Protein chains: 2
Amino acid sequence: MTSPARKLSRIQTENRQRIRDAALGLFATHGFRGTTLDQIAEACGMHKPNLIYYFESKEAIHIDLLNMLMEEWLSPLDAMNPDGDPLEEILGYIRRKMEMSRLYPRESRLFANEIVQGAPRMLPHLESTLKPLFNRQIGIITRWMDAGKLAQMHPAHLIFSIWAVTQHYADFEAQIAVLLPGDDKRARGADEFVEMMFRKLLTP
Amino acid sequence: MTSPARKLSRIQTENRQRIRDAALGLFATHGFRGTTLDQIAEACGMHKPNLIYYFESKEAIHIDLLNMLMEEWLSPLDAMNPDGDPLEEILGYIRRKMEMSRLYPRESRLFANEIVQGAPRMLPHLESTLKPLFNRQIGIITRWMDAGKLAQMHPAHLIFSIWAVTQHYADFEAQIAVLLPGDDKRARGADEFVEMMFRKLLTP
DNA sequence: TCGTAACTTTACCAAATGGTAAAAAACTTG
DNA sequence: CAAGTTTTTTACCATTTGGTAAAGTTACGA
C-alpha cells in the first residue's frame, strides 16, 4: 500500500532536510497559504522544480513537517515517570515545555497555526497519536491526585493550562516583545513565574 | 490628513457590516492569505467588485476588522476597578475573558493568527493602544500586591498567563474537542478550573 | 415623478502561483 | 572513463486571485 520507499541517497536526505528547515520557518510565520514555493526555494537556495523533485507538492512538504515534528513535540509528555515524585515530574515536564518554547518557537508556531485553523491536516494525527498519550497521562495524574500527592483538580484542564501558558511564550512572542521590551532576562522571569505558579497550584 | 469621511448611508453601514462579519470568520479560520475575496463575497452574498466598492482592498478589510475589534477585545482589561476588591476584580476579569472566548472565538482566533505571524498589521496598535493599558493594569496590580491583598508575583507574567489560559479555549478548540469529546459541560469545567487555578495562585 | 447619485453586476485583466516537460549537468559505478 | 542514473536548470503552462472598467439598476431627494 505504501510507496516503494527505497533507501534515500545522501543528497536526498540532505536536500529534503534543507527544504524542511526553510519551509518550517516560512509556514510558521506566514501559514500554509501565505507561503509560496518560490519563497521556500529561495530560502534554501534551490529552484522551485527542485522542491517538487524532492516532495510531491507544497502540501506534501507541510504534511511531512507536521508528521516529523509531532513526535519530538510530544516526547516530553511521554517522559513523565509514573513512579517518580508527582510534583517534580510535572514541574519537570513544564520546564521541558518552557525550554522547547525557547529553543523551537518555529515548531510551536507551526502547530499553533495548524490548530487555530481547525487542524485541517492534523486531525487524524491528533486522534491517533496525541489522544492515547494524553489519556495515559490523565490516568497517571489522576492516580497521583487520588493518592493525595497533588491537589485535586480536573487533570485535562491542568494539562491544557500547562500547554497554554508554556506555548504562549513562543506563539505570542511578538506581543510579549512589545509589552516587556529590552528585557534580556525575560526568559528567566518567565521560567520562574511559571514554576512558581504551577508549584502553588499543584501543592495539596 | 484623514480621508473625507462623510457620513455613511444606511446601505453602506449595513453592507460594510455584512462584509466584516463574513470576513471575520474566514480570516480567523484560514488566515489573511488563505482567504480569497471570492470566498468573502460568497459568504456575504455579494459580488467581488462590490467588496472593493465598500473597502479599498482585501487588506483594508483585514485592517478595519483588527481596528474595530481591538477596542472591544481589550475593554475588559480597562474595566478593572482600582478601588474594588483585588481578588474579585482579577477573577472578574478572568470570567469576562472566559466568556469572550466562548462567545467570540472568531475574534480570538483572528488576533491569534495576527500575533503568531508576528503582528505584521497590528504592531503599531499594540504599541499605541495595548501597551499603555497594559502598563496601567501592571501598576494597579503591583499596588494591590504591595498592599498585601494579593500574593506577590511578576504582574506582567500574571497577565500573560491569564491571556494564555483563557484564549487557549478559543484558539485551540480543535484540539480540545478531540481530547475532551462530547463533553457538553466542557465550558463549565473550564470555567471552574480556571477560577480555582487563579484564586489559588493569587490568594496571599 | 423625474433626474441624479448611489449601488450592483458583468466582463475583463495582469500578476502570482503551483506545477510540468524536458534538456543539461553532475554524480556513481562497473 | 564510459554508460547509466540521479539531480538541477530553463522554459513553460493553466489556474487562481486581487483588482478594474463600465454598463446596468436601484434608491432617493427635489
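Here the structure is a predicted model, which is why all the values come from computation and not from measurement. Below, chain A is the first sequence line, B the second, and so on; all start at residue 1.
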Can you tell me the distance, in whole Å, between the [atom1] atom of [X] and the [atom2] atom of [N]?
X	N	atom1	atom2	answer
A:E14	D:dT7	CD	C1'	13 Å
B:I61	D:dG19	CD1	C1'	12 Å
A:Y53	C:dA24	OH	C1'	14 Å
A:N50	D:dT9	CG	C1'	8 Å
A:I19	D:dT8	CD1	P	9 Å
A:M46	D:dT10	CE	C1'	17 Å
A:H47	C:dA26	NE2	C1'	15 Å

Side-chain donor or acceptor of A:R16 paired with backbone N/O of A:Y54 under 3.5 Å: yes
Main-chain N/O of B:C44 paired to B:R18 side chain as donor or acceptor, under 3.5 Å: yes
B:H157 ring center within less than 6.0 Å of A:Y169 ring center: yes
B:F198 and B:Y93 aromatic centres sub-6.0 Å: no
A:K48 with A:D38: basic N within carboxylate O range, under 4.0 Å: yes
Check ion pair B:R20-B:D64 (N to O, under 4.0 angstrom): yes
Cut-off 3.5 Å, no hydrogens considered: what does the side-chain donor-acceptor table look like for residues 117-128 of chain B, sequence neighbours left out?
unit_1	atom_1	unit_2	atom_2	d
B:Q117	NE2	A:N113	OD1	3.4
B:R121	NE	B:H62	ND1	3.0
B:R121	NH1	B:E59	OE2	2.5
B:H125	NE2	B:N67	OD1	3.4
B:S128	OG	B:P124	O	3.1

Whether over 12 other heavy atoms sit under 6.0 Å from B:K149 NZ: no
Sugar-phosphate, base or nothing in reach of A:Y54, heavy atoms under 4.0 Å: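 Sugar-phosphate only.
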Distance test, side-chain N/O of A:Q12 to OP1/OP2 of D:dT6, below 4.0 Å: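 For A:Q12, the contact criterion (side-chain N or O under 4.0 Å from OP1 or OP2 of D:dT6) is not met.
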Phosphate-side-chain proximity, B:N15 and C:dT8, N/O vs OP1/OP2 below 4.0 Å: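 Yes, within the criterion.
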Give me, pair by pair, the N or O atoms of the protein and of nucleotides 18-22 of chain C that are less than 3.5 Å apart, along with how far apart they are.
unit_1	atom_1	unit_2	atom_2	d
C:dG18	OP1	A:T35	O	3.4
C:dG18	OP1	A:K58	NZ	2.8
C:dG18	OP2	A:L37	N	2.8
C:dG18	N7	A:K48	NZ	2.9
C:dG19	OP2	A:K58	N	2.9
C:dG19	O6	A:K48	NZ	3.4

Rounded to 10 degrees, the angle between the two terminal axes of the helix from C:dT1-D:dA30 to C:dG30-D:dC1, each from five pairs: 20°
Interatomic spacing from CZ in A:R96 to CE in A:M80 - rounded to 0.5 Å: 8.0 Å
